[in-house]
Number of protein chains: 2
Amino acid sequence: MVKKEKDASTEQRILDAAKQVFVSKGMAGARMQDIADGAGINKAMLHYYFRSKEQLFEIIFRDSIGRFVPKVKALITSELSLYEKIEQFCDGYISMALENPYIPMFVLNELHKQPDAFVRKMFNNELPDLSKLVQQIDEEIKKGNIKPISPVQLIMNMMSLCVFPFLAKPIFSILMGLDELQFRNSIEQRKKAVPQFIMDSIKR
Amino acid sequence: MVKKEKDASTEQRILDAAKQVFVSKGMAGARMQDIADGAGINKAMLHYYFRSKEQLFEIIFRDSIGRFVPKVKALITSELSLYEKIEQFCDGYISMALENPYIPMFVLNELHKQPDAFVRKMFNNELPDLSKLVQQIDEEIKKGNIKPISPVQLIMNMMSLCVFPFLAKPIFSILMGLDELQFRNSIEQRKKAVPQFIMDSIKR
DNA sequence: GTCTATAACTCGATAGAC
DNA sequence: GTCTATCGAGTTATAGAC
């Protein structure tokens with residue numbers, strides 16, 4: 001990196017443009033030309049800064065998801081109560097996705113193209129251990145603190161409620177006539193509303 | 001169609017293979033070669049039966065989603081109670097997606113590439129009218145039958161709980177160690193469990 | 001570092017024999 | 001109806017001048 005550090009560097013402009021294109025078109029649909037246009041340079045420069053499309057994609061992905069995964073791993077094996085875990089997962093995921101709204105679609109697409117390889121990559125070859133969380137749910141049921149529910153169903157519900165609105169943004173916006181700001185506000189509310197919705201449902 | 005009707009027709013084999021490929025790779029990622037391989041023929045035959053990739057995609061899409069959309073439109077404007085609508089939407093969507101598990105991903109992908117055009121195509125240029133449903137929710141709140149909740153949030157929740165598990169099948173299966181049958185059973189349960197989960201949460 | 005030009009390749013589509 | 005062979009458009013990637 002011998003260049004001068006004046007305005008927003010070419011490198012950064014490429015990364016920003018690439019994020020934008022990769023999320024709206026997916027890896028296969030993305031065109032290096034579109035990324036170059038978005039960054040205000042030509043295709044050759046993309047290859048100068050990042051050897052290949054593959055590598056550009058890789059860098060963006062790691063940079064985006066790299067910080068969130070370890071947090072979730074730590075959370076689910078922590079000593080917090082079930083309610084705190086639900087609260088922190090929802091808040092943490094929704095906050096992350098509000099800052100990187102392209103991530104949910106990005107992850108989903110790659111997941112479908114090569115499930116095993118991608119899951120391993122995402123979790124650095126070490127799957128998070130859900131057994132403690134599952135056990136915790138079963139205990140709360142046995143103690144009579146929450147209604148009987150299969151842990152698998154509860155975890156599915158929590159993830160669904162957090163992730164899906166980001167994936168379905170286009171259809172929600174059109175169907176419910178939400179503009180950019182209204183959509184953002186609706187999502188913002190969900191940081192509190194989703195844990196509330198879940199607890200209202202399961203608590204006795 | 002002058003060919004003999006012996007085994008599973010070439011045409012049907014193409015459609016089956018195409019479904020399979022389109023859902024796992026998306027429209028842009030799908031390769032005519034892969035579809036041809038899946039159907040046990042060569043690329044030229046694809047073009048003989050279906051003029052273009054575009055057209056093949058179109059046919060599969062209309063065939064899959066064509067029946068479900070009108071049902072939903074009728075349901076939300078019907079005279080049924082809020083609870084019955086929730087129950088029937090969840091059961092209807094989950095049943096449809098269990099039979100056509102590729103649809104959720106398929107719709108989502110196209111939605112992201114060309115949101116407006118695709119939504120119009122999906123609903124035949126006539127968006128479903130949610131106002132009656134929204135009004136119904138507000139009334140139930142005013143009557144004190146359910147807790148205060150934004151109709152937008154409630155509808156988002158319902159759709160999330162129904163759709164997301166199909167999208168996230170690969171990660172759920174790996175994370176929770178579910179085989180094909182176990183996953184199917186978990187989803188099957190959700191036909192009843194999701195409406196229950198929602199009602200438990202909102203009812204007074 | 002940035003550009004133009006072009007090589008190398010992928011993939012949808014077509015021609016034409018059988 | 002089915003195949004092989006090939007074209008042509010569109011894309012990633014590289015060479016080489018400035």
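Residue numbers begin at 1 in each chain, while the letters A, B, ... track the order of the sequences. Just so you know, these numbers use all the heavy atoms, side chains as well, and skip hydrogens, waters and symmetry mates.
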Seminar exercise, completed: Here the distance between atom P of C:dT14 and atom OH of B:Tyr49, to the nearest Å, is 17 Å

Seminar exercise, completed: Walking DNA chain C from its 5' end, the first of A:Tyr48 and B:Arg51 to be reached, judged by nearest nucleotide, is A:Tyr48

Exercise. Between D:dT12, D:dC3, C:dT4, which nucleotide gets closest to the side-chain atoms of A:Met32?
Worked result: D:dT12

Exercise. Of the nucleotides C:dT2, D:dT4, C:dA13, which one has an atom closest to the side chain of B:Asn42?
Worked result: D:dT4

For this session: Nearest whole angstrom, please: distance from the C1' of D:dA13 to the CD1 of A:Ile14.
Result: 15 Å

For this session: Would you check if there is a donor-acceptor pair between the side chains of B:Lys85 and B:Gln136 at a distance under 3.5 Å?
Result: yes

For this session: Grab the CG-P distance between A:Leu46 and C:dC3 for me, whole Å please.
Result: 11 Å

For this session: Can you tell me the distance, in whole Å, between the CE atom of B:Met45 and the P atom of D:dT2?
Result: 4 Å

Exercise. Given side chains that start at C-beta, do those of A:Lys19 and A:Asn100 come closer than 4.5 Å, heavy atoms only?
Worked result: yes

Problem set entry | Listed nucleotide nearest any side-chain atom of B:Ala44, set D:dT14, C:dA13, D:dC3 | D:dC3

Exercise. Can you find a side chain N or O atom of B:Thr10 that sits less than 4.0 Å from OP1 or OP2 on D:dG1?
Worked result: no

Exercise. Checking all strands, does A:Ala30 fall into the base, sugar-phosphate, or nothing category for heavy-atom contacts under 4.0 angstrom?
Worked result: sugar-phosphate

Exercise. If only side-chain N and O atoms of B:Arg31 are considered, is one of them under 4.0 Å from the OP1 or OP2 phosphate oxygen of C:dT10?
Worked result: no

For this session: Look at the side chain of A:Arg13 and the backbone N and O of A:Ala39, then say whether any donor-acceptor pair between them is shorter than 3.5 Å.
Result: yes

Exercise. Rounded to the Å, how far apart are B:His47 NE2 and D:dG8 C1'?
Worked result: 13 Å

For this session: Please state how far atom CG in A:Asp37 lies from atom P in D:dT11, giving the value in whole angstrom units.
Result: 12 Å

Exercise. Where the side chain of B:Lys132 meets the backbone of B:Thr77, is there a donor-acceptor pair that is under 3.5 Å apart?
Worked result: yes

Exercise. To the side chain of B:Lys53, which of D:dG1, C:dC3, C:dG12 is closest?
Worked result: C:dG12

Exercise. Rounded to whole angstrom units, what separation is found between the CG atom of A:Asp34 and the C1' atom of D:dT11?
Worked result: 11 Å

Exercise. Under a 4.5 Å cut-off applied to non-hydrogen side-chain atoms, are B:Glu87 and B:Lys191 in contact?
Worked result: no

Seminar exercise, completed: Rounded to whole Å, NZ of A:Lys43 lies from P of C:dA7 at a distance of 14 Å

